[in-house]
Amino acid sequence: MAEFCKQFNERTESIYEKDTPLSVSLAAMTDRTFEFKVKSPPTSYLLKKAAGIEKGAESPSPDKATSFVTPEAIYEISKVKQQDDVMWHLPLSSIAQSVIGTARSMGIKVKEEAA
């Protein structure tokens, strides 16, 4: 377990900030060796960070958004999510649509910044 923690910290310290939630796929072998893959943070976490909020809306409404993110933020989140093993083959536009759907379900609206 200590070896896993050491390797995990080494692998993630330069990529993510401390206390960023990450998913890990861990395969433990019978000879006490292991392999693991680190996945990107949850989309909801990245959206909350981009919107500057603590949590999403309790009852989101398409008519009334609780906060906003820019299309640029959606693009950046999509690029992060595309690095996951299950998404590398999907077009960035499809991943962006998924991110927008997650944002909508959290009460976050995509909005151009005022010029």
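Scope of the values below: all heavy atoms of this structure, side chains included, with no hydrogens, waters or symmetry mates.
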Visitor: According to salt bridge (Lys or Arg N to Asp or Glu O under 4.0 Å), who are the partners of Asp85, at least two apart in sequence or on a separate chain?
Guide: Lys37
Visitor: Scan the side chains in residues 89-105 for donor-acceptor partners under 3.5 Å anywhere in the protein, sequence neighbours excluded, and list what turns up.
Guide:
unit_1: Thr102; atom_1: OG1; unit_2: Ser98; atom_2: O; d: 3.1
unit_1: Ser105; atom_1: OG; unit_2: Thr102; atom_2: O; d: 2.7

Visitor: Would you kindly confirm whether Tyr16 and Leu26 end up in one hydrophobic cluster when ILVMFWY residues are joined by side chain heavy atoms under 4.5 Å apart?
Guide: yes
Visitor: Between Met29 and Glu35, is a side-chain contact (heavy atoms from CB on, under 4.5 Å) present by the stated rule, with each step listed?
Guide: CA-CA 8 Å; Met29 313 306 172; Glu35 295 177 0; 3.9 Å; yes
Visitor: Holding to side chain to side chain donor-acceptor pair (under 3.5 Å), I want the full list of residues that pass it with Ser67, two or more places apart in sequence or in another chain.
Guide: none
Visitor: Side-chain contact, heavy-atom cut-off 4.5 Å: Val80 with Thr43?
Guide: no
Visitor: Does a side-chain heavy-atom distance below 4.5 Å link Lys111 with Val69?
Guide: no
Visitor: Rounded to the nearest 0.5 Å, how far apart are CD1 of Ile77 and OH of Tyr45?
Guide: 11.0 Å
Visitor: Provide the full list of salt bridge (charged side-chain N to carboxylate O under 4.0 Å, His left out) pairs with a residue in residues 73-84, sequence neighbours left out, each pair given once.
Guide: Glu76-Lys79, Lys81-Asp84
Visitor: Take atom OH in Tyr75; do more than 12 heavy atoms of anything else shown fall under 6.0 Å from it?
Guide: no
Visitor: Could you see if Leu46 belongs to whatever hydrophobic cluster contains Leu22? Use Ile, Leu, Val, Met, Phe, Trp, Tyr and a side-chain cutoff under 4.5 Å.
Guide: no
Visitor: Tell me whether the NZ or CZ atom of Lys109 lies within the 45° cone about the ring axis of Phe68 and under 6.0 Å from its centre.
Guide: no
Visitor: Among residues two or more places apart or on two chains, list those pairs meeting salt bridge (charged side-chain N to carboxylate O under 4.0 Å, His left out) that have a residue in residues 40-49.
Guide: Glu17-Lys49
Visitor: Given side-chain contact (heavy atoms from CB on, under 4.5 Å), test Thr20 with Ile15 step by step and report yes or no.
Guide: CA-CA 10 Å; Thr20 301; Ile15 302 170; over 6 Å; no
Visitor: For a 4.5 angstrom cut-off between non-hydrogen side-chain atoms, does Ser25 reach Lys39?
Guide: yes
Visitor: To the nearest 0.5 Å, what is the distance between CD on Gln7 and CZ on Phe34?
Guide: 4.0 Å
Visitor: Could you tell me how the ring of Phe36 sits relative to the ring of Phe8: parallel (under 30°), tilted (30 to 60°) or perpendicular (over 60°)?
Guide: tilted
Visitor: Look up atom OG in Ser78 and atom CD in Gln83, then write down how far apart they are to the nearest 0.5 Å.
Guide: 11.5 Å
Visitor: Answer yes or no: does atom CD of Glu10 have more than 12 heavy-atom neighbours from other residues, nucleotides or ligands under 6.0 Å?
Guide: yes
Visitor: Quick one: are Val110 and Thr70 in side-chain contact, heavy atoms under 4.5 Å?
Guide: no
Visitor: Can you name the nearest heavy-atom pair linking Pro60 to Gly107, along with the distance?
Guide: CB-N, 3.6 Å
Visitor: To check you understand the geometry: which heavy-atom pair defines the closest contact between Thr66 and Met106, and what is its length?
Guide: OG1-O, 4.1 Å
Visitor: Tell me every residue that passes salt bridge (Lys or Arg N to Asp or Glu O under 4.0 Å) with Lys55, counting only those two or more places apart in sequence or in another chain.
Guide: Glu58
